[in-house]
Participant: 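I'd like to ask you about the structure that follows.
These values consider heavy atoms only, across backbone and side chains, with no hydrogens, waters or symmetry-generated copies.
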Number of protein chains: 2
Amino acid sequence: MMRKTATKNATTTRKKPSPRLARPGPIGGKRDENRKQRRAEFETAALELFLRQGIEGTTIDDIVERTGAAKGSFYRYYEDKRDIVLALLQPVKESLDEVFGNVAGSVEAARSPPELMETYQMLALSISGVIFSNQRLVLLYLQESRSPGVGAREPVVALADSMKKAALRLTLVAHEHKLLRDLDPRVTSLAVLGASEQLLFELFRDGTLGEPLKMAEALISMVLDGLRPD
Amino acid sequence: MMRKTATKNATTTRKKPSPRLARPGPIGGKRDENRKQRRAEFETAALELFLRQGIEGTTIDDIVERTGAAKGSFYRYYEDKRDIVLALLQPVKESLDEVFGNVAGSVEAARSPPELMETYQMLALSISGVIFSNQRLVLLYLQESRSPGVGAREPVVALADSMKKAALRLTLVAHEHKLLRDLDPRVTSLAVLGASEQLLFELFRDGTLGEPLKMAEALISMVLDGLRPD
DNA sequence: TTTAATGATGACTGTTTAGTCACCATATCG
DNA sequence: CGATATGGTGACTAAACAGTCATCATTAAA
């Protein structure tokens, strides 16, 4: 857990890569190569531990022990635990931002309800792709996303927040286009998100939910009927 | 956090109230009265800290500092952090068990689909009662229920598990009575639970979801249309 | 009242933890 | 090559932490 240090970090200096965490020179050189590999090792170890013990319940010592590295090495790559959580989520966050960015354009461009529906379908497909190629990470997200947004779990909570916002934006557009029943979009977007996340959580956690595709089909069918305009 | 002690507790002796935690003699006496009050103090303090910092991020020292008590006092009332979490959830768990117990009987007794529907409505009402009279506790549950089920958070995860099971049982009965569309009950029960929990989470967390009753209405409407037989 | 049981306390112990650092190894650059 | 930057290491520090215990206070029982 984050030890409760009395030191107040008055200036929240992000962006400043402390000398210890400097980047290696050549972008494809040996240094850069090793660095990527080492980070990957730390991150896979951390991910498994986070899933088993929770982020807060995992110590830096746990991580280095699992990697077989020395403790000092960890700090050559990450500022602290929060930093490695951030690094873990970064790729997923970027993928999702890209997906939502693309969709934002298509949504604007859509000229008819059917066109808009098609856009949403493509969105669902893209998101599914991101989700299923990052199952362990998604599980971590689902596991920690409702935590208090302080300390090492903050990046997860931030991601959850942006997911909710994205869901709301898309729902609002659909709502304006009369694609949905006249229910509060804040409510419908959260309900759909909540249902989806719960199902994903069970699916990835113990896999006794049968075929993912069947599950998705059932979910979509429920949502469509639950939200179809009268 | 649960310190990683090497000591293995071979015999999992619950039920045995260690001498330090013995009960006071007279059931309405001063001792018993003080004891209840003191426990309540510890528990309210702990609940607020748990909500702010997470269960894992809260230490015994935090709790006693907030109550103004001495550390040793805490251990006169609770074995450890897990124990106070258990104590916090106990009343809610009992209420819910009672509600579900009653419903189980009514469900058996129901002779027609309308009768069964009425039973479900009564269930929803009862559960709402429990939820709204325990908002902070429900928030704690929602916040921690997807955690790894180890250490102090185990009671929360256990409760979450029993909620899922209860939801599935009820859904199965409804399914058998052809009250629902022919979708996998495991999927529908989780979807409805997930949607409900997500909405509750937002509602209790920052209260920007408008009127709870409006929200419930929207949710019910969505669920009914989403699950109504063809 | 006397005796026993329960409660309060905070200093104390042993351990765990985050984070550092001096020292050495290896890669990059001039 | 020599100089410099980056990487690896594990002992070390200071602080935090769970849990204990001797001591004194209060309540209950005899």
Participant: Between C/dA18 atom P and A/E65 atom CD, what is the distance in whole Å?
Facilitator: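 To the nearest whole Å, that distance equals 13 Å.
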Participant: Can you tell me how far CZ of B/R52 sits from OG1 of B/T58, rounded to the nearest 0.5 angstrom?
Facilitator: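 Interatomic distance, B/T58 OG1 to B/R52 CZ, rounded to 0.5 Å: 9.0 Å.
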Participant: Nearest of C/dG7, D/dG7, D/dG19 to any side-chain atom of A/R35?
Facilitator: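 Selected nucleotide (nearest to the side chain): D/dG7.
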Participant: Considering just the side-chain nitrogens and oxygens of A/S73, establish if one lies under 4.0 Å of OP1 or OP2 belonging to D/dT9.
Facilitator: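 So the side-chain polar atoms of A/S73 do come within 4.0 Å of the phosphate oxygens OP1 or OP2 of D/dT9, strictly under.
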Participant: In this structure, how many angstroms lie between the P atom of C/dG7 and the CZ atom of B/F42, rounded?
Facilitator: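 Going from CZ in B/F42 over to P in C/dG7 covers 12 Å.
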Participant: Return no unless some side-chain N or O of A/R38 is found under 4.0 Å from OP1 or OP2 of D/dG8.
Facilitator: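 Looking at the OP1 and OP2 atoms of D/dG8, one of them is under 4.0 Å from a side-chain N or O of A/R38.
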Participant: Quick check: on DNA chain D, is the nucleotide nearest B/I60 upstream (toward 5') of the one nearest B/N34, or the reverse? Name the residue that is more 5'.
Facilitator: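 First, find each residue's nearest nucleotide; the 5'-ward one identifies B/I60.
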Participant: What is the distance, to the nearest angstrom, from the OH atom on B/Y77 to the C1' atom on D/dG19?
Facilitator: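 My rounded result for the distance is 18 Å.
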Participant: Just say parallel, tilted or perpendicular for the rings of B/F74 and B/F42, cut-offs at 30° and 60°.
Facilitator: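 Correct class here is perpendicular.
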Participant: Taking side chain to side chain donor-acceptor pair (under 3.5 Å) as the test, write out the residues that go with A/N102, two or more places apart.
Facilitator: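 For A/N102, no residue satisfies side chain to side chain donor-acceptor pair (under 3.5 Å) once neighbours in sequence are set aside.
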Participant: Give the rounded distance in Å between these two atoms: CZ of B/F74 and P of D/dT20.
Facilitator: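 Those two atoms, CZ and P, are 12 Å apart.
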Participant: If I take atom CG in residue A/D61 and atom C1' in nucleotide D/dG10, what distance separates them, rounded to the nearest angstrom?
Facilitator: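 Interatomic distance, CG of A/D61 to C1' of D/dG10: 11 Å.
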Participant: Test for a donor-acceptor pair under 3.5 Å between the base of C/dT6 and the side chain of B/R31, counting only N and O atoms.
Facilitator: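 In this structure, the two groups form a donor-acceptor pair.
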Participant: How many whole angstroms separate atom CZ of B/R39 from atom P of C/dA8?
Facilitator: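 About 12 Å, once rounded to whole Å.
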Participant: Just how far, in rounded Å, is C1' of C/dT17 from CD1 of A/I55?
Facilitator: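 A/I55 atom CD1 is separated from C/dT17 atom C1' by 18 Å.
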Participant: Does C/dG19 have OP1 or OP2 under 4.0 Å away from a side-chain N or O of A/K81?
Facilitator: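 For C/dG19, OP1/OP2 do not have a side-chain N/O of A/K81 under 4.0 Å.
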Participant: What salt bridge (Lys or Arg N to Asp or Glu O under 4.0 Å) pairs are there with at least one residue in residues 184-194 of chain B, not counting sequence neighbours?
Facilitator: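 Listed once each, the pairs are B/D184-B/R186.
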Participant: Is it possible for you to check whether B/R136 lies under 6.0 Å from the centre of the six-membered ring of B/F204, through NZ or CZ, and within 45° of that ring's axis?
Facilitator: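 No.
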Participant: What closest approach, in Å, do A/G149 and A/V157 show between heavy atoms, and which atom pair accounts for it?
Facilitator: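 That closest heavy-atom pairing would be CA-CG2, 3.8 Å.
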Participant: Can you find a heavy atom in the side chain of B/K81 that is under 4.5 Å from one in the side chain of B/R153?
Facilitator: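 The answer is no, as the side chains (C-beta and beyond) never meet within the 4.5 Å cut-off.
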Participant: Identify each atom pair where a protein N or O and an N or O of nucleotides 20-23 of chain C are less than 3.5 Å apart, giving names and distance.
Facilitator:
residue: C/dT20; atom: OP2; partner: A/R20; partner atom: NH1; Å: 3.1
residue: C/dT20; atom: OP2; partner: A/R20; partner atom: NH2; Å: 3.3

Participant: Separation of A/Y78 atom OH from D/dG7 atom P, in whole Å?
Facilitator: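 For the pair A/Y78 OH and D/dG7 P, the rounded distance is 12 Å.
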Participant: Choose from C/dA18, D/dG7, C/dT9 the nucleotide whose nearest atom is closest to any side-chain atom of A/T59.
Facilitator: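 For A/T59, the side-chain atoms sit closest to C/dA18.
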